[in-house]
Student: 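Structure below; questions to follow.
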There are 2 protein chains.
Amino acid sequence: MDKFKQFLKNIAPITDKEFADSISVFTELHLKKGDFFVKQDKICRNIAFIVSGTIRIYYINQKSEETTYSFCQENCLTTSFKSFIFQTPSQLTLQALENTVLLTIDYDKLNVLYKDYPIWQNIGRIITQNEFLNMEKYASVLNNETAKEKYLRLLKEQPNILQKASIEDIASYLGITRRTLSRIRQEISK
Amino acid sequence: MDKFKQFLKNIAPITDKEFADSISVFTELHLKKGDFFVKQDKICRNIAFIVSGTIRIYYINQKSEETTYSFCQENCLTTSFKSFIFQTPSQLTLQALENTVLLTIDYDKLNVLYKDYPIWQNIGRIITQNEFLNMEKYASVLNNETAKEKYLRLLKEQPNILQKASIEDIASYLGITRRTLSRIRQEISK
DNA sequence: ATCATTTGAGGACATTTGTCCTTGTTAACC
DNA sequence: GGTTAACAAGGACAAATGTCCTCAAATGAT
């Protein structure tokens, strides 16, 4: 709970009272390794704060290959954004890579918060902005960096992902093949 | 003006009265080919609706190369998003690829609209969402498509960009070199 | 514990892409 | 109108990455 409060306070000046009122509509959800938080083609009803654990988001691309969209870890929010905001079927799948604890809120309850607490409007807007900036950064990396640079960046930014995700998952996140990632790892280990 | 009204109505149900009140705080700006709308390291004070023309957004990457971030055309919004929302120096440069007509509004005036007209809060939120979804799409393309696929996609989605942007600009947008783009174009022309 | 399945490393070769360069063409400027 | 600079095409070779594959180790299930 404290983690979530701190997370929100870093976004907007939510009062303790507002937080206490709000937190009561969140639900704690425990996922086991391999469990799904959102499945493809289902409408994503919830957005979640990750208290602990790791969620892998992926989709099936035009070539029918699984592509990792992102790895979400502790102290981050996770959802199938497009599906959640439009309440349409999700193209993304969200799956726990390890046992994971979430604080979730569903679409209707979030809209009640938006209505009752103006601060939540700010929080919602800022979160969307942050998601945009993250995606912009990711696109810039994909556009400008070599396979090796992208891998080293991931190691630096999410060092523990290596212990949690498979080589396959990481390769598709970086937009390269397993073979290329294997070569890079070999080269680095020297 | 009508173009802009239609654009806004497609986003949120703004009334004719609200539109008439709002439009008065926008400024029409005419850029000649080559003129800058936003320069790197300056704070981006304005957001603009493109009435006609084309804006190229680019940045200098870690290897000191110009990288095209996007091509914005008629009936779209354009700004250096991060710089505008945080009012911090822009990493992006926005330049007209041809004579361009804009409707612009500055940061302070937009915040007045947010305050006075709740509908503008919605518009602002939805625009941010759309920007996110565009960026998500772009990242997905960069991650999954080959050079040729990316080029064909650009041809399909922004066919007239070829007449307006240089091969260099297009190559950096697609994350490939001039040489590769030249080969693709040769192959296609057969 | 045993067997089957999944996963990661890496060989061999093909393909794609990049680098460096030259050339011809177009466009811009005095 | 002639000169210069910018731009696009493409040759030759190098480097990076992908494809297909095998093998060994790790993991999971019975």
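Below, chains carry the letters A, B, ... as their sequence lines are ordered, and counting in each starts from 1.
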Student: For residues 123-158 of chain B, which residue pairs qualify under ring-ring contact (aromatic ring centres under 6.0 Å, His included), counting only residues two or more places apart or in two chains?
Tutor: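 Of all non-adjacent pairs touching residues 123-158 of chain B, those that pass ring-ring contact (aromatic ring centres under 6.0 Å, His included) are F81(A)-F132(B), Y138(B)-Y173(B).
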
Student: Filter on salt bridge (Lys or Arg N to Asp or Glu O under 4.0 Å), then keep only pairs touching residues 117-131 of chain A, sequence neighbours left out; what's left?
Tutor: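 Residue pairs with at least one partner in residues 117-131 of chain A: there are none.
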
Student: Quick one: list whatever passes side chain to side chain donor-acceptor pair (under 3.5 Å) with K63(B), sequence neighbours left out.
Tutor: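 Result, side chain to side chain donor-acceptor pair (under 3.5 Å) vs K63(B): E149(A).
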
Student: Which salt bridge (Lys or Arg N to Asp or Glu O under 4.0 Å) pairs, counting each pair once, include a residue from residues 150-159 of chain B, with sequence neighbours left out?
Tutor: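 Only E145(B)-R153(B), R153(B)-E157(B) qualify under salt bridge (Lys or Arg N to Asp or Glu O under 4.0 Å).
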
Student: What pairs meet the salt bridge (Lys or Arg N to Asp or Glu O under 4.0 Å) rule with one or both residues in residues 158-178 of chain A, with sequence neighbours excluded?
Tutor: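 Those involving residues 158-178 of chain A are R56(A)-D169(A), E98(A)-K164(A), E168(A)-R178(A).
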
Student: Expressed in angstrom and rounded to an integer, what is the separation of R183(A) atom CZ from dA16(D) atom P?
Tutor: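 From R183(A) CZ to dA16(D) P: 10 Å.
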
Student: Please identify each residue that fulfils ring-ring contact (aromatic ring centres under 6.0 Å, His included) with Y114(A), with sequence neighbours left out.
Tutor: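 For Y114(A), no residue satisfies ring-ring contact (aromatic ring centres under 6.0 Å, His included) once neighbours in sequence are set aside.
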
Student: Axis-to-axis angle across the helix from dA1(C)-dT30(D) to dC30(C)-dG1(D), five pairs an end, to 10 degrees?
Tutor: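 Inter-axis angle at the termini of the helix from dA1(C)-dT30(D) to dC30(C)-dG1(D): 50°.
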
Student: Does T177(A) have a side-chain nitrogen or oxygen under 4.0 Å from the phosphate oxygens OP1 or OP2 of dG18(D)?
Tutor: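 Yes, because at least one side-chain N or O of T177(A) sits under 4.0 Å from OP1 or OP2 of dG18(D).
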
Student: Listed by chain and number, what are the ring-ring contact (aromatic ring centres under 6.0 Å, His included) partners of F26(B), not counting sequence neighbours?
Tutor: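 Only F4(B) meet the ring-ring contact (aromatic ring centres under 6.0 Å, His included) criterion with F26(B).
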
Student: Go through the structure and list residues passing salt bridge (charged side-chain N to carboxylate O under 4.0 Å, His left out) with K82(A), not counting sequence neighbours.
Tutor: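 By the salt bridge (charged side-chain N to carboxylate O under 4.0 Å, His left out) rule, K82(A) matches no residue at all.
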
Student: Taking N or O atoms only and anything under 3.5 Å, show me the protein contacts with nucleotides 7-10 of chain D, one pair per line.
Tutor:
residue, atom, partner, partner atom, Å
dA8(D), OP1, I167(B), N, 3.1
dA8(D), OP2, I167(B), N, 3.4
dA9(D), OP1, R185(B), NH2, 2.9
dA9(D), OP2, R185(B), NE, 3.4

Student: Round to the nearest Å and state the distance from E145(A) atom CD to dG18(C) atom P.
Tutor: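 Checked: the CD to P distance equals 15 Å.
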
Student: Specify the separation, in whole Å, of atom CG of N143(A) and atom C1' of dG18(C).
Tutor: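 These atoms are roughly 15 Å apart.
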
Student: Can you tabulate the close N/O pairs, meaning under 3.5 Å, that link protein atoms to atoms of nucleotides 27-30 of chain C?
Tutor:
none

Student: Which pairs, with at least one residue in residues 33-53 of chain B and sequence neighbours excluded, count as a side-chain hydrogen bond (donor to acceptor under 3.5 Å, both in side chains)?
Tutor: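 Qualifying pairs: R45(B)-Q87(B).
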
Student: Cut-off 3.5 Å, side chains only: do N144(A) and T67(B) have a donor facing an acceptor?
Tutor: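 Yes, T67(B) and N144(A) have a side-chain donor paired with an acceptor closer than 3.5 Å.
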
